[in-house]
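So you know, we letter chains A, B, ... as the sequences are listed, proteins then strands, and number each from 1.
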4 protein chains.
Amino acid sequence: MSSHLMNADPQLIEDLVAAYRILAQHGVLDGFGHVSARHNRAANRFIMSRALAPQLVTAKDLIEFDLDGNPVDAQGLPLYLERFIHAEIYRARPDVGAVVHSHAPSLVAFGVTTVPLRPVCHMASFIGRAVPIFDIRNSFGLTDMLVSDSAKGRALAEALGNSSVVLMRGHGVAVVGKTIPMVVGRSIYLDLNAKIQQQALALGGTINYLDPQEAQKMVDAGENRSYERPWELWKAKALEQ
Amino acid sequence: MSSHLMNADPQLIEDLVAAYRILAQHGVLDGFGHVSARHNRAANRFIMSRALAPQLVTAKDLIEFDLDGNPVDAQGLPLYLERFIHAEIYRARPDVGAVVHSHAPSLVAFGVTTVPLRPVCHMASFIGRAVPIFDIRNSFGLTDMLVSDSAKGRALAEALGNSSVVLMRGHGVAVVGKTIPMVVGRSIYLDLNAKIQQQALALGGTINYLDPQEAQKMVDAGENRSYERPWELWKAKALEQ
Amino acid sequence: MSSHLMNADPQLIEDLVAAYRILAQHGVLDGFGHVSARHNRAANRFIMSRALAPQLVTAKDLIEFDLDGNPVDAQGLPLYLERFIHAEIYRARPDVGAVVHSHAPSLVAFGVTTVPLRPVCHMASFIGRAVPIFDIRNSFGLTDMLVSDSAKGRALAEALGNSSVVLMRGHGVAVVGKTIPMVVGRSIYLDLNAKIQQQALALGGTINYLDPQEAQKMVDAGENRSYERPWELWKAKALEQ
Amino acid sequence: MSSHLMNADPQLIEDLVAAYRILAQHGVLDGFGHVSARHNRAANRFIMSRALAPQLVTAKDLIEFDLDGNPVDAQGLPLYLERFIHAEIYRARPDVGAVVHSHAPSLVAFGVTTVPLRPVCHMASFIGRAVPIFDIRNSFGLTDMLVSDSAKGRALAEALGNSSVVLMRGHGVAVVGKTIPMVVGRSIYLDLNAKIQQQALALGGTINYLDPQEAQKMVDAGENRSYERPWELWKAKALEQ
């Protein structure tokens, strides 16, 4: 762990490292993408890895950032270009404690189609009624598609609004949660829901989506019990790696 | 093994632990879902794990329940909220010796579509003519989708009727069998049949389903020879884990 | 190795054991299905495993059979019920040195649809113009779907004709080859071709299949160089298991 | 390493061996297909393996070739029949430093359909506006589909033109890049893009492809930062094998 992170909760650090590996093991992250957590002692700071493939992240690769996306002390390490996704979501959403940005294939597919991503099973109740899509072209014209500054991060955070998820057209997704286990669980079950919806659509019939009130009741009932049960399994496997 | 399970058949206990791991290794269970077996010495009791991710279950995590879903001696351990699925099926179906509840993606897809799940291969003859779908909304309105009490368990058992399988809309599936190897084998080949039917539908032609009489003859002929051959393989791999 | 197999070529025995494991590692076989080879010293004999899950087969599980499907010396071991598939193909096809019977999901799908399986890539040139489908119902009415006697085996061999492959409706496939590496290679690339054809059909356009003359030229040119190159890799991985 | 390769850059040799294994681990190559690199000290020479399954390639299997596809010193080893793909691309494209030829299933599917392969995500910006398809039948009639001489290699290189990718009808694909990490990264993300496009098409809506100007801006911005980040991960995993 970098010295400037010494006052962060060791549990948070361990969970954040586990999150990188868990999402890689589930195919949500590949060699790209990232996870972050808001600093437990400073609401205007967040922690994420230096630019590194998720499966390789360890505690000593973690760096602290402010909400402008500036590292507190990068020690010359290369940074994720898209850290502004995280910075601006933490600024806009005080309720958010952790953020995932991935290129999960199932979600890229839903980000480029006119068919809306909707909840087909109770595990994905956090989707609610609909998932917003952020199209960078709407505000910034023809770009290199990357959320590489604060203005683009702000536009993404606006598209996210009060949702748990925002798809990014031609790019991927951002998922948010109160805790690291929650954002990891949501990322995994969002991917699964997308795959199931795709399978169900391919069958050729009519789909019975969850009623938004059903989805809301599941969220109110504790949303998969805060993913405590699978988190124990996922973390054990990630750390034995 | 918990002391209150000491009078259960050690073979049953070993098979039940293996079942959790086998179904996790086959992707039928993930961090959620559960398997149970009726107690070999008490028809009004069944055995299942405390609330735990299937891959982590060992003999010492097993607990005995009565048919109201009450643990005989939970020793303060957290319980699966949906144990009533199991309890009410054992009450309604004296022929059933083992029950699986899973969220297998292929079956969630068939649970939300108007396209019926039907047998496309001889390994899934136990499907018979049709698979009933349990929609919790029909009896209980807009809920959190969980079968979390005896009344909901009873409604599910009624939807199951005399079948081997009942799909649960927006949720998953319950599968029953006379023995643990049978319910595990059915769970694996039900998932496979769903995937094959989906592939066949995607080809765009007309499908030649098994004739219900063909399916019945296969069941009468011993239904995959009681899954003895793959069970030997599956169990060996599960226990070497 | 059973004593009665002592006069079989040790290379043949080793390759046959490897074949069981290779096909299991590729998902062509699961806990069911089987591979056989014609005996190198007796054209009216063939060798296959006792009834056992493919991944568990070792040399000592191999048994010699005659072309009526009778074991020369079964030593009381349980036998594959469908050994008549192999027996009757060896009787009808003197050019065949090895046979695979599998339930590969991609091929079960093509066995139940009106869409013909056709070659989409040069690796599957052995498919030729078309693949016959054996429907047991045509000659035997409503059965338990199993090829469990010589009459049913003969009907299957007739449906196969001079082809390399015959699909079995609602059941699986039989693949033949001159050698074990060839029947294994064909089984693997047949499965791959079915998956690719399915993907191509799902794209929604028109498919450019291989011209039958192209397929024939590939077969004449040595059909994937007799699968020597991948065989070396497959066998190394199967035996390190 | 063969003695005649002693003056090649050891880093290039190590990367080339890693490339074979990385592509096998990603399912881009199976028992067939190959990777080559232009010799660092001789622009009219390239290096690739003797005929061998990709997962088995080591430095001592590498051989040097001239642009007519002749080995400098083959030492009697068997050669890839399709080395002319590589030779003629190096001759036609001085900007190319590395070439991959694979039978990746997702790309075989796009090579036989009338539906064009197009970029759906920023990771596949190198696709640009369109991918050319090489149909060997156009110039050579009904063949065994193999690019087995210089004339066929030239025709393929012409079809490639200035693109990064050329699909080969009924066969596979050739991908080019300035460096080994780049051609490996392109091969992996081309496969991923094909899978995502296929998923998106199966959803049934209208697809929002990348605008060609967006794709160009991504390439100009460094194309996935030259794949440095995943390359570090991929190579570590390939060499620990």
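- Looking at I207(C), both its backbone and its side chain come within 4.5 Å of chain D, counting heavy atoms on both sides.
- Looking at heavy atoms from C-beta onward, F134(C) lies in side-chain contact with V147(C) at the 4.5 angstrom threshold.
- Nearest heavy-atom pair across V108(C) and G172(C) is CG2-CA, 4.0 Å.
- Between L107(D) and L117(D), the closest heavy-atom pair is CD2-CD2, 3.9 Å.
- The nearest pair of heavy atoms linking G31(D) to L233(C) is CA-CD2, 4.3 Å.
- Residues L156(D) and F84(D) have side chains not in contact (no heavy-atom distance under 4.5 Å, counting atoms from C-beta outward).
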Suppose we count any N or O donor within 3.5 Å of an acceptor, strictly below that value; which pairs fall between chain D and chain C?
{"unit_1": "D30(D)", "atom_1": "OD2", "unit_2": "Y189(C)", "atom_2": "OH", "d": "2.7"}
{"unit_1": "Q55(D)", "atom_1": "OE1", "unit_2": "K237(C)", "atom_2": "NZ", "d": "3.3"}
{"unit_1": "V112(D)", "atom_1": "O", "unit_2": "N208(C)", "atom_2": "N", "d": "2.7"}
{"unit_1": "T114(D)", "atom_1": "N", "unit_2": "T206(C)", "atom_2": "O", "d": "3.2"}
{"unit_1": "T114(D)", "atom_1": "OG1", "unit_2": "T206(C)", "atom_2": "N", "d": "2.9"}
{"unit_1": "R137(D)", "atom_1": "NE", "unit_2": "E214(C)", "atom_2": "OE2", "d": "3.3"}
{"unit_1": "L142(D)", "atom_1": "O", "unit_2": "K217(C)", "atom_2": "NZ", "d": "2.9"}
{"unit_1": "R169(D)", "atom_1": "NH1", "unit_2": "E214(C)", "atom_2": "OE1", "d": "3.0"}
{"unit_1": "R169(D)", "atom_1": "NH2", "unit_2": "E214(C)", "atom_2": "OE2", "d": "2.8"}
{"unit_1": "G170(D)", "atom_1": "O", "unit_2": "H122(C)", "atom_2": "N", "d": "2.9"}

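- Per-residue counts of heavy-atom pairs under 4.5 Å with chain C were compared for A53(D), G170(D), A194(D); the largest is that of G170(D).
- Interface summary for chain C: among I136(D), V115(D), L146(D), the most heavy-atom pairs under 4.5 angstrom belong to V115(D).
- Here the closest non-hydrogen pair linking P105(C) and G27(C) is CD-O, 4.4 Å.
- Here the shortest heavy-atom pairing between I85(C) and A174(C) reads CG2-CB, 4.3 Å.
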